[in-house]
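Note that these values count all heavy atoms, side chains included, but never hydrogens, waters or copies made by symmetry. Fair warning: this is a prediction, and the values are worked out from it, not measured in the lab.
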Amino acid sequence: MIYGRRLDVLRTVFAARESTKATTNASIMSHRPPILKLPIPAEKIDGHTVTFRPVRDGIDSEVSGVIQVIERANGFNVNASYVVGQNPPQSHVYWFDQSEIDAIARSLTKEKRRILIVDDDRESTHLVKILLEKAGAYVVLEENEAPRAHQSARNFRPDVILLDIMMPETDGAEVAAQIEADPELQSTPIIFLTALLTKPETKSGLRIEGHRSLAKPIDIPELIDRIEETLLRAL
């Protein structure tokens, strides 16, 4: 009797596996998965078990699956297989869209990004700090003394530096040169904040000394977009 029960269990397991393969192959044949840009390296996503809601499959409840990343010539396809039901279990393949994979990536990289803002305008830097940290993904250090900016960067090790250009004693160009000459900081992205350029000029991609820029007064949603674009390029 025990042997018979084990045989039944084995048959169920193998049947579920064959069902998974068949469903996977059918899904690939009948559905064109969206081409995605990965917000973090593929190896940091591939193979992770995630909980998600496969709403496009008509299932509005949480399921678990293991992420599979497939590299294509122009991007990536990302899916996870999941099982619903018990008699018999039914396996499905869910293809994530860009917004879903962005959210998964954020959940896998819970560490907040460090942002250093260097500007002699204390009120402006404090407001930017409050609004960026309110967004939930950043921790911000203010530096209002430009001559101390290089040391502050060495101590804080920011992921991105927001740097004003027109400052007394040491201007932004000098601070940027100090950062670029430091082997430990030279790969740190810099975004110049300036009133010397117009918003159309900065939106057109105009760079200052090779660095991206943003026109003052600062629009916070635009700043966040620029920070995220810069972080992606730095991966």
Side-chain angles (χ1 to χ4, degrees), residues 37-41 43-44 102-103 105-235:
K37 293 182 179 180
L38 297 186
I40 60 178
E43 61 269 19
K44 293 188 176 181
D102 287 345
R106 286 194 295 271
S107 70
L108 292 176
T109 55
K110 294 180 180 178
E111 183 178 354
K112 293 183 178 182
R113 297 295 195 171
R114 297 181 303 281
I115 309 296
L116 172 63
I117 178 167
V118 182
D119 193 326
D120 61 302
D121 185 341
R122 295 177 183 275
E123 290 185 6
S124 175
T125 57
H126 191 59
L127 179 59
V128 171
K129 172 184 170 68
I130 290 173
L131 295 176
L132 282 181
E133 291 188 340
K134 187 177 180 180
Y138 313 104
V139 56
V140 182
L141 176 68
E142 305 168 69
E143 178 52 75
N144 302 118
E145 303 292 334
R148 298 189 339 212
H150 180 206
Q151 188 59 49
S152 292
R154 287 183 65 91
N155 295 339
F156 187 54
R157 296 306 171 101
D159 295 296
V160 175
I161 298 173
L162 307 178
L163 182 56
D164 186 29
I165 293 181
M166 301 297 291
M167 295 182 289
E169 297 185 69
T170 306
D171 63 30
E174 293 178 75
V175 174
Q178 293 170 0
I179 299 297
E180 292 169 336
D182 189 329
E184 297 182 7
L185 297 172
Q186 60 186 7
S187 62
T188 306
I190 294 172
I191 300 174
F192 278 117
L193 309 179
T194 179
L196 300 176
L197 298 176
T198 65
K199 288 186 180 292
E201 286 174 327
T202 57
K203 286 183 177 180
S204 70
L206 183 65
R207 292 173 178 264
I208 302 174
E209 298 294 324
H211 300 290
R212 298 177 71 82
S213 59
L214 201 63
K216 289 186 173 183
I218 301 301
D219 177 80
I220 295 300
E222 184 181 4
L223 175 59
I224 290 174
D225 287 344
R226 191 62 51 86
I227 289 172
E228 291 301 314
E229 290 172 7
T230 301
L231 288 169
L232 282 176
R233 292 173 183 272
L235 289 175

Donor-acceptor pair, side chain of D159 and main chain of R114, under 3.5 angstrom: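 Such a contact is found between D159 side chain and R114 backbone.
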Enter the distance from [X]:[atom1] to [Y]:[atom2] here, rounded to the nearest 0.5 Å.
X    : Y    : atom1 : atom2 : result
K129 : I115 : NZ    : CD1   : 11.0 Å
L162 : S213 : CG    : OG    : 12.0 Å
L223 : L131 : CG    : CG    : 9.5 Å
T188 : R157 : OG1   : CZ    : 8.0 Å

Listed partners of [X] passing side chain to side chain donor-acceptor pair (under 3.5 Å), at least two apart:
X    : value
E123 : none
N155 : Q151
K216 : D119, D164

So, for [X] and [Y], which heavy atoms are closest and what is the spacing to 0.1 Å?
X    : Y    : value
A153 : P158 : O-CD, 3.4 Å
L132 : Y138 : O-CD1, 3.4 Å
A149 : L116 : O-CD2, 4.2 Å
F156 : V139 : CZ-O, 3.8 Å
D102 : P39  : OD1-CG, 3.5 Å

Derivation and outcome, side chain to side chain contact (heavy atoms under 4.5 Å, CB included), residues V140 and V128: CA-CA 9 Å; V140 182; V128 171; 5.7 Å; no
Any non-hydrogen side-chain atom of [X] less than 4.5 Å from a side-chain atom of [Y]?
X    : Y    : answer
R154 : D182 : yes
I117 : L193 : yes
I40  : K44  : yes
R212 : I190 : no
P221 : D219 : yes

Verdict with supporting geometry, I227 and I191, side chain to side chain contact (heavy atoms under 4.5 Å, CB included): CA-CA 8 Å; I227 289 172; I191 300 174; 4.2 Å; yes
Ion pair E142/R122, N-O distance below 4.0 Å: no
Carboxylate-amine/guanidinium contact E228 R113, below 4.0 Å: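 The answer is no: the pair does not qualify as a salt bridge.
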Criterion side chain to side chain contact (heavy atoms under 4.5 Å, CB included) on N144 and T125, from CA distance to verdict: CA-CA 8 Å; N144 302 118; T125 57; 3.0 Å; yes
Residues forming a salt bridge (Lys or Arg N to Asp or Glu O under 4.0 Å) with R148, sequence neighbours excluded: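 R148 satisfies salt bridge (Lys or Arg N to Asp or Glu O under 4.0 Å) with E143 only.
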Counterpart residues, salt bridge (Lys or Arg N to Asp or Glu O under 4.0 Å), relative to E43 (two or more places apart): none
H126/I130 under side chain to side chain contact (heavy atoms under 4.5 Å, CB included): CA gap, chis, key distance, verdict: CA-CA 6 Å; H126 191 59; I130 290 173; 3.6 Å; yes
Side-chain donor-acceptor distances from residues 165-172 under 3.5 Å, at least two apart:
from	atom 1	to	atom 2	distance (Å)
D171	OD1	A173	N	3.1
D171	OD1	E174	N	2.9

